[in-house]
Amino acid sequence: MSSALTDLLPHPIVQAPMAGGVSVPQLAAAVCEAGGLGFLAAGYKTADGMYREIKQLRGLTGRPFGVNVFVPQRDHAESGAVEVYAHQLAGEAAWYETELGDPDSGRDDGYDAKLAVLLDDPVPVVSFHFGVPDPDVLDALRRAGTLTLVTATTAEEARAVERAGADAVIAQGVEAGGHQGTHRDTPENDRAGIGLLSLIAQVREAVALPVVAAGGIMRGGQVAAALAAGACAAQLGTAFLATPESGAAALYKQALTNPLFTRTEPTRAFTGRPARALVNRFLREHGPYAPAAYPEVHHLTAPLRQAAARAGDAQGMALWAGQGHRMARELPAGRLVEVLAAELAEAAAALPAGGGPR
């Protein structure tokens, strides 16, 4: 399956699916056309909205691409904890002159409807985040001609991915921006993330699946390191955030290299699930008190985040970013793929014979 996956892309570079309007068809198309694997993010969209983006992307490129889907959450939050957090956020709602969202707006993100679309009109690649789909889902996608990838953050999770029958595993290191794709949301493990290079090694020893490396990768030399460690490709998200094709707001893109934002930190403040973001006022004030309640907290804070964006207030926005955010380059997405590929080739050439990427 490693060859089946890598045959789809001339360069071992995957553009991470970033939900919330970042991974738009224009970004995915530019990456695909340059020889990488572009991804659409179905998260937070309706099945119809996902399908419209797929149609739009097909009109922009004839090359293979992927679609990412969120696996429904099995853990249910305590309503009392969400109510307490809502009370704490009342001041934010007053400040931004908006109402808090309804925490009971839905838990499954339209999962079944999205799968129905992807089985009726298959795409080349589908990846899953937040858990492992049922084996019959992965089997149905395979029979439809779709390669399947599932995120894992530990070797144990990678074994579950392999048992379910996925074609490849995305090893997501703790350096990654946005949500950690842990299969179960257990607060006691919030600070137990594994660095990418260690994770690749552990996953390679645990499963026979091809490994796509994700987490903090911003340069071609880092791609080379991931490949040398045993990955077959590298997935980059934050690196593509600053590109002109990205759907991220201008204020968000500027924040990546703004000296006001010196570091990132995993937080539950915005969604109730651990996600790495630039440290801003909202994260500092509310992160310590946010409950383990996804997607309830996501729905609750959505109007606040939208209002902050309209007001041009980066201190109230969810600025998802990996640890390498300050290395972001304002290059067109296609050009960024080319630069990354050139840096990868240069790094590989510098390695001793037999020690290069495979």
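- Between I54 atom CD1 and L118 atom CG the span is 5.0 Å, to the nearest 0.5 Å.
- With sequence neighbours excluded, no residue forms a ring pair (Phe, Tyr, Trp, His ring centres under 6.0 Å) with Y252.
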Handout entry: Step-by-step side chain to side chain donor-acceptor pair (under 3.5 Å) determination, R74 to H183
Key = CA-CA 9 Å; R74 298 177 182 176; H183 297 180; over 6 Å; no

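- D48 meets the side-chain contact (heavy atoms from CB on, under 4.5 Å) test with T46, R52; sequence neighbours excluded.
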Please list every donor-acceptor pair under 3.5 Å in which a side-chain atom of residues 19-31 meets a protein atom from a residue at least two apart or in another chain.
residue: S23; atom: OG; partner: Q15; partner atom: NE2; Å: 3.2
residue: S23; atom: OG; partner: A16; partner atom: O; Å: 3.4
residue: S23; atom: OG; partner: M18; partner atom: N; Å: 2.6
residue: S23; atom: OG; partner: M18; partner atom: O; Å: 3.4

Listed pairs under 3.5 Å, donor-acceptor, residues 127-138 side chains, sequence neighbours left out:
residue: S127; atom: OG; partner: N68; partner atom: ND2; Å: 2.8
residue: H129; atom: ND1; partner: T151; partner atom: OG1; Å: 3.1
residue: H129; atom: NE2; partner: H179; partner atom: O; Å: 3.0

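- In this structure, CG in L119 is found 7.5 Å from OG1 in T146, a value given to the nearest 0.5 Å.
- Among T267, T264, T238, the single residue meeting the side chain to side chain donor-acceptor pair (under 3.5 Å) criterion with R276 is T264.
- For E97, the CD atom counts as loosely surrounded, since its 6.0 Å shell holds 12 or fewer non-hydrogen atoms of other residues, nucleotides or ligands.
- Take H286 and apply the side-chain hydrogen bond (donor to acceptor under 3.5 Å, both in side chains) test, not counting sequence neighbours, and it matches Q88, E92.
- Counted by atom type alone, H298 and R305 present one or more donor-acceptor pairs between their side chains at under 3.5 Å.
- In this structure E162 satisfies the side-chain contact (heavy atoms from CB on, under 4.5 Å) test together with V207, A208, L209, sequence neighbours excluded.
- To the nearest 0.5 Å, atom CD of residue Q180 and atom CZ of residue R273 are 9.5 Å apart.
- Between E296 atom CD and R107 atom CZ the span is 4.5 Å, to the nearest 0.5 Å.
- A side-chain donor-acceptor contact under 3.5 Å links N280 to the backbone of A314.
- Judged by distance alone, the side chain of H11 and the main-chain N or O of G36 form no donor-acceptor pair under 3.5 Å.
- In R284, the CZ atom is crowded: over 12 heavy atoms of neighbouring residues, nucleotides or ligands sit closer than 6.0 Å.
- Linking ILVMFWY side-chain heavy atoms closer than 4.5 Å, directly or via other members, places M218 and L241 in two distinct hydrophobic clusters.
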